[in-house]
Chemist: 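Quick one: structure below, then a few questions.
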Amino acid sequence: MLSGRTIAAGLLTGALLAGCTSGPSAPTGTPASTSPSVLAATPSGTPSATPTVASPSVPTGNVPVGTGARLEVAPVDYGGSTLVRASFAGRDRANRRPVALQRKVGSSWQEVAVAAMDSAGQADFVATGTGGVYRAVALATKTATAAATPTATASDQWAGVLNSEFNGTALGGPWGYRLTDVYDAGGRWCSAPRKANVVVGKGTATLTMSKASKAVTARVAASAKGKQVRAGQKATGCPEGVFDNAMVSTQGRFTLAAGIVAARVKFPREPGAHASVWLQSDAGQELDMIETFGYGRGITNVIHVKGVKHPADAKQAYVVPRLVADPAWWEAWHTVSVEWDRNRVRFRLDGRLTRELTVTLAPANYFLVISLLSSDWETYRLTKPDARPGSGVDATTVAKARLPFSMQVDWVRAWRPR
């Protein structure tokens, strides 16, 4: 999976849909190091929501470790929950066999979730709480004795390499401004990132889209006309206006070749721009962890490999349309993540696997980018909002955008496999 030292399993999805909906909490401590490739099918069975006292049939003492058994613990805090996968092999594997996930409390074990093993011998859990030592126990049956996985912690399997909580009043750390005052980016002749549109305070980074000043608007609109003429286009200038955007990155200060990146973000519901968290590499490869286009349009998970977009069909780029068709989704905080190596990329939203792509990636180092950008092709939606076909949203319920509007970032964390 992520490396030769990584456990070769798929990513554990979990069934967390809502995420944390309160304001930004100040995450404590450094990011927990965690397991290699954790996470891939939807949870088998219904995990218990809170820790319970184990019934007499669930052993809480010493249990023999099954041959080939393993446990994977994800490093990401998905709104106060942890994703865990147990795998059993050989005679311990049996479809629908009950499996109990346990967390160590003092010198004993406490049951925190229960799931049914699938035909591959795997059981996935959403465990309330983060941190701690876990094991999973396949319960005894008429034909098999109880068997356990080895104990595991997130830090056994993943090493935290970035923990940005945006404390203080300046970017700091590995973060810096990107493409400031550049109006030549592809598709953005009428907008550019500005330093003033990034504000750090109260443990949050706020990126804002706003109208440019009259002087900037006149200059940029005239320049856009010239670019349009040279490109063989109609010289319309900037009919929707000129806009100040926001973008920051770790370019030149922090990169990661493979692993997991996660962020806790509140996205703007306004149309006419896209708020994103993404990874850019030095090998012509880009991982768009999430791009949000506002209520009525939806969100996407895509990658770009040497100019080729995956998935290639734009209609297939959108994920969880029913979820984001609810206006309340846009009022909540969400934890997004991407896990990747050179063969696979997995995207999650609030613990839910939203897309998995099998690809061949060249060796590359990826830096992180957070942005709120308004491309020229989408700014008409500021005053003429619409709804994407298939979004499940009635276009008449999409309001015109009121500038300025913002995205907020509580934290960004990254891990590499041990």
Side-chain angles (χ1 to χ4, degrees), residues 1-4 6-17 34-43 72 74-76 78 83 85 120 122 124 158 255-263 265 274-293 297-324 334-371 388 390 412 414-417:
M1 282 266 341
L2 295 177
S3 72
T6 304
I7 298 174
L11 294 173
L12 197 193
T13 68
L16 301 177
L17 300 183
T34 331
S35 108
S37 148
V38 144
L39 317 69
T42 52
E72 303 164 80
V76 184
Y78 290 107
L83 307 185
R85 161 167 286 182
Q122 297 175 337
D124 295 337
W158 298 96
T255 60
L256 188 63
I260 295 177
V261 173
V265 188
H274 54 285
S276 313
V277 184
W278 46 291
L279 288 76
Q280 180 69 59
S281 78
D282 53 4
Q285 297 169 169
E286 176 180 315
L287 313 179
D288 292 340
M289 186 159 80
I290 187 168
E291 289 183 296
T292 68
F293 296 88
R297 302 301 301 182
I299 67 176
T300 63
N301 300 140
V302 301
I303 68 173
H304 302 264
V305 181
K306 295 183 178 179
V308 178
K309 183 178 178 180
H310 304 267
D313 185 348
K315 294 180 181 179
Q316 298 300 317
Y318 290 88
V319 296
V320 294
R322 290 185 180 181
L323 191 64
V324 300
H334 300 283
T335 301
V336 295
S337 66
V338 62
E339 179 182 4
W340 81 101
D341 57 23
R342 291 183 56 192
N343 302 307
R344 205 172 306 183
V345 183
R346 300 178 180 89
F347 302 89
R348 295 181 194 79
L349 170 63
D350 295 325
R352 173 180 179 175
L353 184 67
T354 53
R355 168 155 288 142
E356 179 170 345
L357 296 172
T358 301
V359 293
T360 300
L361 298 176
N365 294 310
Y366 296 83
F367 60 87
L368 284 54
V369 186
I370 306 170
S371 60
R388 179 181 58 84
V412 179
W415 299 261
R416 61 169 175 77

Chemist: Take Leu83 and Asp124, measure what side chain to side chain contact (heavy atoms under 4.5 Å, CB included) needs, and give me the verdict at the end.
Modeler: CA-CA 7 Å; Leu83 307 185; Asp124 295 337; over 6 Å; no
Chemist: Can you check side chain to side chain contact (heavy atoms under 4.5 Å, CB included) on Trp415 and Val76, steps first, answer last?
Modeler: CA-CA 9 Å; Trp415 299 261; Val76 184; 3.8 Å; yes
Chemist: Is there side-chain contact between Trp278 and Glu291, with at least one heavy-atom pair below 4.5 Å?
Modeler: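 Contact flag for Trp278/Glu291 side chains = no.
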Chemist: Would you give the length of the straight line joining atom CZ of Arg348 to atom CD of Glu356, rounded to the nearest 0.5 angstrom?
Modeler: 8.5 Å
Chemist: How close do Ala258 and Asp341 get, counting heavy atoms only, and between which atoms?
Modeler: CB-CA, 4.1 Å
Chemist: Considering all heavy atoms of both residues, which atom of Gly390 and which atom of Pro321 are nearest to each other, and what is their separation?
Modeler: O-CB, 3.9 Å
Chemist: To the nearest 0.5 Å, how far apart are CZ in Phe293 and NE2 in His274?
Modeler: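 Phe293 atom CZ to His274 atom NE2 measures 5.5 Å (nearest 0.5 Å).
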Chemist: Could you go through Leu368 and Val277, starting from their C-alpha distance and side-chain angles, then the distance that decides it, and tell me whether this counts as side chain to side chain contact (heavy atoms under 4.5 Å, CB included)?
Modeler: CA-CA 8 Å; Leu368 284 54; Val277 184; over 6 Å; no
Chemist: To the nearest 0.5 Å, what is the distance between CD1 on Ile303 and CZ on Arg355?
Modeler: 10.0 Å
Chemist: To the nearest 0.5 angstrom, please state how far the CG atom of Asn301 sits from the CG atom of Leu287.
Modeler: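 Here the rounded value is 11.0 Å.
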Chemist: Within a strict 4.5 Å, meaning less than it, do heavy atoms of the Leu361 and Tyr366 side chains meet?
Modeler: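 When only atoms from C-beta onward are counted, Tyr366 and Leu361 do touch, with a gap below 4.5 Å.
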Chemist: Please name the residue in the list Leu357, Val359, Val261 that meets the side chain to side chain contact (heavy atoms under 4.5 Å, CB included) test with Trp340.
Modeler: Val261
Chemist: Counting C-beta onward and ignoring hydrogens, is there a side-chain heavy-atom pair between Leu349 and Phe347 closer than 4.5 Å?
Modeler: no
Chemist: Take Arg352 and Tyr78, measure what side chain to side chain contact (heavy atoms under 4.5 Å, CB included) needs, and give me the verdict at the end.
Modeler: CA-CA 9 Å; Arg352 173 180 179 175; Tyr78 290 107; over 6 Å; no
Chemist: Would Arg388 and Tyr318 count as a cation-pi pair here, with the cationic atom under 6.0 angstrom from the ring centre and within 45° of the axis?
Modeler: yes
Chemist: Is the side chain of Asn365 donor-acceptor paired with the backbone N or O of Leu256 at a distance under 3.5 Å, no angle test?
Modeler: no
Chemist: Could you report the tightest heavy-atom contact between Gln285 and Ala364, atom names first, then the distance?
Modeler: NE2-CB, 3.7 Å
Chemist: Would you say Val320 and Ile299 make side-chain contact, with heavy atoms under 4.5 Å?
Modeler: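 Side chain of Val320 against side chain of Ile299, heavy atoms only: contact under 4.5 Å found.
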Chemist: So, applying side chain to side chain contact (heavy atoms under 4.5 Å, CB included) with Val308, which one of His304, Lys306, His310 is it?
Modeler: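 In the set His304, Lys306, His310, the residue that makes a side chain to side chain contact (heavy atoms under 4.5 Å, CB included) with Val308 is His310.
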Chemist: Could you give the distance from CG (Asp350) to CG (Leu323), rounded to the nearest 0.5 Å?
Modeler: 7.5 Å
Chemist: Could you give the distance from CG (Asp288) to CD (Gln280), rounded to the nearest 0.5 Å?
Modeler: 8.5 Å
